[in-house]
Every structure is written in C-alpha cells, then in structure tokens.
Amino acid sequence: MPNSKPPYPPEFRREALELLKLSEKQTLYVWRKQAQVDEGKREGLSSEEREELRRLRKENRTLQMEKEILKKAAVFFAKETDGR
C-alpha cells in the first residue's frame, strides 16, 4: 500500500497557524489544537506519537494476517502428513 501524502505540506500548515495566531477569525482549530499538543501546551498525542501509533497498528494487522496464514499452513501440512 503506497504511503499517502498529507494534503498540505508542513510549511503551509506552519504559515496557516501563524495566521491563526494573528487572527481569531480563522477556522483552523484542529491544526491549532495539534500544534498546542506538539508544543506541550495541551494534553494529547503528539504528531510523532500519532505517526508511531499508525505505523504500529499497520504492523499489527500485517502480523495478524501472517499468523493466520501460518495457522492454515500448519493445518494443511498436518493433514498431508497424516495421509502418508
């Protein structure tokens, strides 16, 4: 599965957050909240922690699939050796 690219580059987000700090009329609350978490001003998962969690969940799914394949292979070979 190809890595998807975020729709906005980090530089654009930083600039947008600077605009938000200058004006309360902007509606970039999600980005502002995440920036506050990353800066340690608010509780929550940092961007790095969110990325690690996403990566670990993907790895977990892969490992679970591999485990199921190995279980099925073990059953298949067990039946094959019983028939000899």
Side-chain angles (χ1 to χ4, degrees):
M1 197 165 162
N3 285 339
S4 62
K5 194 173 174 185
Y8 301 102
E11 183 179 314
F12 174 81
R13 286 183 175 218
R14 278 192 297 274
E15 289 175 7
L17 287 169
E18 286 303 315
L19 284 175
L20 178 63
K21 289 176 184 176
L22 297 174
S23 169
E24 288 299 321
K25 296 177 184 177
Q26 302 291 326
T27 59
L28 303 173
Y29 297 109
V30 174
W31 291 356
R32 180 175 68 177
K33 180 180 172 187
Q34 187 61 50
Q36 289 171 341
V37 169
D38 291 345
E39 294 168 1
K41 296 177 183 175
R42 180 180 217 141
E43 293 266 336
L45 294 177
S46 70
S47 296
E48 292 82 19
E49 291 169 328
R50 286 186 185 282
E51 177 59 29
E52 181 182 17
L53 182 59
R54 185 200 63 75
R55 183 185 59 76
L56 290 173
R57 285 180 174 164
K58 181 179 178 183
E59 183 180 334
N60 191 26
R61 284 191 302 274
T62 301
L63 291 172
Q64 287 174 346
M65 286 191 297
E66 290 173 355
K67 181 176 134 184
E68 288 302 314
I69 291 169
L70 289 173
K71 280 183 185 178
K72 291 176 183 178
V75 169
F76 173 79
F77 289 117
K79 287 180 182 177
E80 194 171 270
T81 56
D82 285 345
R84 289 187 185 177

request  = Could you pull out the closest heavy-atom pair between Leu17 and Ala35, with the gap in Å?
outcome  = CD1-CB, 3.6 Å
request  = Mind checking the CD1-NZ spacing from Ile69 to Lys72? Nearest 0.5 Å is all I need.
outcome  = 7.5 Å
key: Minimum side-chain heavy-atom gap Glu48-Glu52 below 4.5 Å   = no
task = Run the numbers on Lys67 and Leu63 for side-chain contact (heavy atoms from CB on, under 4.5 Å), then give the verdict.
result = CA-CA 6 Å; Lys67 181 176 134 184; Leu63 291 172; over 6 Å; no
remark   = Here the pair of heavy atoms bringing Asp38 nearest to Ser46 is OD1-CA, 3.3 Å
task = Flag the pair Leu53 / Glu49 as yes when at least one side-chain heavy-atom distance between them is below 4.5 Å, and no otherwise.
result = no
inquiry  = Are there over 12 heavy-atom neighbours, none belonging to Glu43, within less than 6.0 Å of that residue's CD?
reply    = no
Glu51 and Arg54 ion-paired at < 4.0 Å = yes
ask   = Gln34 pairs by side-chain hydrogen bond (donor to acceptor under 3.5 Å, both in side chains) with which of Arg50, Glu39, Arg42, Arg13?
value = Arg50
request  = Considering only NZ, NE, NH1 and NH2 on the basic side and carboxylate oxygens on the acidic side, decide whether Arg55 and Glu59 come within less than 4.0 Å.
outcome  = yes
task = Mind checking ring-ring contact (aromatic ring centres under 6.0 Å, His included) for Tyr8 and listing every partner two or more places apart, or none if nothing turns up?
result = Phe12, Trp31
ask   = Less than 4.5 Å apart, any side-chain heavy atom of Val75 and any of Lys79?
value = yes
